[in-house]
Student: 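Here it is: the structure, laid out below.
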Amino acid sequence: MSTNTGKSEPRKTSIAPWLSVRRGPEAVRYYKAAFGAVELHRVENDEGEIVAHLSIEGAEFWVSDDPDSSPETLGGGSVRMILIVEDPDSVFEQAVRAGATLVADMYEDHGWRIGRVADPFGHHWEVGRPLDHA
């Protein structure tokens with residue numbers, strides 16, 4: 001017997017960063033290589049500019065060609081992404097191998113194992129996890 005009443009589950013509230021970049025297709029390739037991102041949706045115009053919806057193990061974010069708002073144009077960004085993963089050391093190293101610039105090497109402080117990189121498009125990512133307290 002079906003109990004489907006036609007009602008969908010309430011949508012969970014979430015915040016998904018929208019990263020403005022130059023060279024959108026290149027940015028998507030980087031996030032796939034650096035963080036294992038998966039492309040959920042993508043639209044592209046005739047000039048090759050994109051809007052892409054990406055996910056890193058369920059953590060969703062958006063990337064779009066928006067050169068006027070990119071950190072490269074503005075000389076830096078005002079937001080940092082914090083990517084919380086089980087093995088931050090390996091993800092951190094993967095991001096660096098894919099082309100990120102080291103900002104702060106992995107360290108432990110304030111109850112976290114964390115490090116910081118800048119991606120090739122000017123966005124800063126802190127990669128880490130809370131420390132287990134026994």
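Values reported hereafter were calculated over all heavy atoms of this structure, with side chains retained and with hydrogens, waters and symmetry mates removed.
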Student: Check the pair Trp125, Tyr30 against ring pair (Phe, Tyr, Trp, His ring centres under 6.0 Å), reporting the backbone distance first and the verdict last.
Tutor: CA-CA 13 Å; Trp125 295 77; Tyr30 170 79; 8.2 Å; no

Student: Do Glu26 and Val21 touch side chain to side chain, with heavy atoms closer than 4.5 Å?
Tutor: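 The answer is no, as the side chains (C-beta and beyond) never meet within the 4.5 Å cut-off.
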
Student: Following the transitive rule for hydrophobic clusters with a side-chain heavy-atom cut-off under 4.5 Å over Ile, Leu, Val, Met, Phe, Trp and Tyr, establish whether Val85 and Ile114 coincide in one cluster.
Tutor: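 No; tracing contacts between hydrophobic side chains, which count when under 4.5 Å, never links both residues.
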
Student: Tell me, do Leu54 and Trp62 make a side-chain contact under 4.5 Å, heavy atoms counted?
Tutor: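 Of all side-chain heavy-atom pairs linking Trp62 with Leu54, none is under 4.5 Å.
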
Student: Looking at every heavy atom in both Arg42 and Pro25, which two are closest together, and how far apart are they?
Tutor: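 It is NH2-CB, 3.5 Å.
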
Student: To check you understand the geometry: which heavy-atom pair defines the closest contact between Gly122 and Pro71, and what is its length?
Tutor: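 In this case the closest contact between Gly122 and Pro71 is O-CB, 3.6 Å.
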
Student: Tell me whether the count of non-hydrogen atoms from other residues, nucleotides or ligands lying under 6.0 Å of CD in Glu57 goes above 12.
Tutor: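 Incorrect, the count does not exceed 12.
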
Student: Is the count of non-hydrogen atoms from other residues, nucleotides or ligands lying under 6.0 Å from Glu86 atom CD greater than 12?
Tutor: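 Not more than 12 within 6.0 Å, no.
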
Student: Please name the pair of heavy atoms, one in Ala34 and one in Gln94, separated by the smallest distance, quoted to 0.1 Å.
Tutor: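 Heavy-atom minimum between the residues: O-NE2, 3.2 Å.
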
Student: Is there a side-chain contact between Phe61 and Ile56 (heavy atoms, below 4.5 Å)?
Tutor: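 In contact.
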
Student: Nearest 0.5 Å, what's the CD1-OG distance between Ile50 and Ser64?
Tutor: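 If I round to the nearest 0.5 Å, the distance is 7.5 Å.
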
Student: To the nearest 0.5 angstrom, please state how far the CD atom of Glu108 sits from the NE2 atom of His110.
Tutor: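 With rounding to 0.5 Å, CD (Glu108) is 12.5 Å from NE2 (His110).
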
Student: Show the nearest heavy-atom pair for residues Val103 and Ala118, with the distance to one decimal.
Tutor: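 Nearest heavy atoms, Val103 then Ala118: CG2-N, 3.7 Å.
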
Student: Taking the side chain as every heavy atom from C-beta outward, state whether Asp68 and Ser20 have any pair of such atoms under 4.5 Å apart.
Tutor: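 No - every pair of side-chain heavy atoms lies 4.5 Å or more apart.
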
Student: Tell me the closest heavy-atom pair linking Asp65 and Glu49, and the distance in Å.
Tutor: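 In terms of heavy atoms, the two residues are closest at OD2-CA, 3.1 Å.
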
Student: Does the Thr73 side chain pair with the main chain of Pro67, one donor and one acceptor, at a distance under 3.5 Å?
Tutor: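 Yes, because the side chain of Thr73 sits within donor-acceptor range (under 3.5 Å) of the backbone of Pro67.
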
Student: Of all residues at least two apart in sequence or in a different chain, which pass the salt bridge (Lys or Arg N to Asp or Glu O under 4.0 Å) check with Arg22?
Tutor: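 With sequence neighbours excluded, Arg22 shows a salt bridge (Lys or Arg N to Asp or Glu O under 4.0 Å) to no residue whatsoever.
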
Student: Group every Ile, Leu, Val, Met, Phe, Trp and Tyr by side-chain heavy-atom contacts under 4.5 Å, then state whether Val127 and Leu102 land in the same group.
Tutor: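 As far as the 4.5 Å side-chain criterion goes, Leu102 and Val127 are connected within one cluster.
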
Student: Drop me the distance from Asp105's CG to Arg116's CZ, to the nearest 0.5 angstrom.
Tutor: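 It comes to 13.5 Å.
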
Student: Do Glu72 and Ser70 touch side chain to side chain, with heavy atoms closer than 4.5 Å?
Tutor: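 Yes, close enough: below the 4.5 Å cut-off.
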
Student: So, the side chain of Ser90 versus the backbone of Asp87: is there a donor-acceptor pair under 3.5 Å, distance only?
Tutor: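 Pair found, side chain donor or acceptor close to backbone of Asp87.
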
Student: Quick check for you: to the nearest 0.5 Å, what is the distance between Arg129 atom CZ and Arg113 atom CZ?
Tutor: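 Atom-to-atom, Arg129:CZ and Arg113:CZ are 8.5 Å apart.
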
Student: Provide the closest heavy-atom pair for Ala27 versus Val63 in the form atom of the first, atom of the second, distance.
Tutor: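 Ala27 and Val63 have their closest heavy atoms at CB-CG1, 4.0 Å.
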
Student: Stepwise, does the side-chain contact (heavy atoms from CB on, under 4.5 Å) test hold for Leu19 with Tyr31?
Tutor: CA-CA 11 Å; Leu19 305 181; Tyr31 296 127; 3.6 Å; yes

Student: Can you find a pair of side-chain heavy atoms, one from Lys32 and one from Arg29, that are under 4.5 Å apart?
Tutor: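 Counting from C-beta outward, Lys32 and Arg29 never come under 4.5 Å.
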
Student: Using a 4.5 Å cut-off on heavy atoms from C-beta on, say whether the side chain of Phe35 contacts that of Met81.
Tutor: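 No, their side chains stay 4.5 Å or more apart.
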
Student: Would you call Leu83 and Pro88 a side-chain contact if the rule is heavy atoms closer than 4.5 Å?
Tutor: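 Result no, sub-4.5 Å side-chain heavy-atom pair not found.
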
Student: Using atom types as modelled and distance alone, determine if a side-chain donor or acceptor of Glu126 lies under 3.5 Å from a backbone N or O of Gly115.
Tutor: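 Looks like no, no N/O pair under 3.5 Å.
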
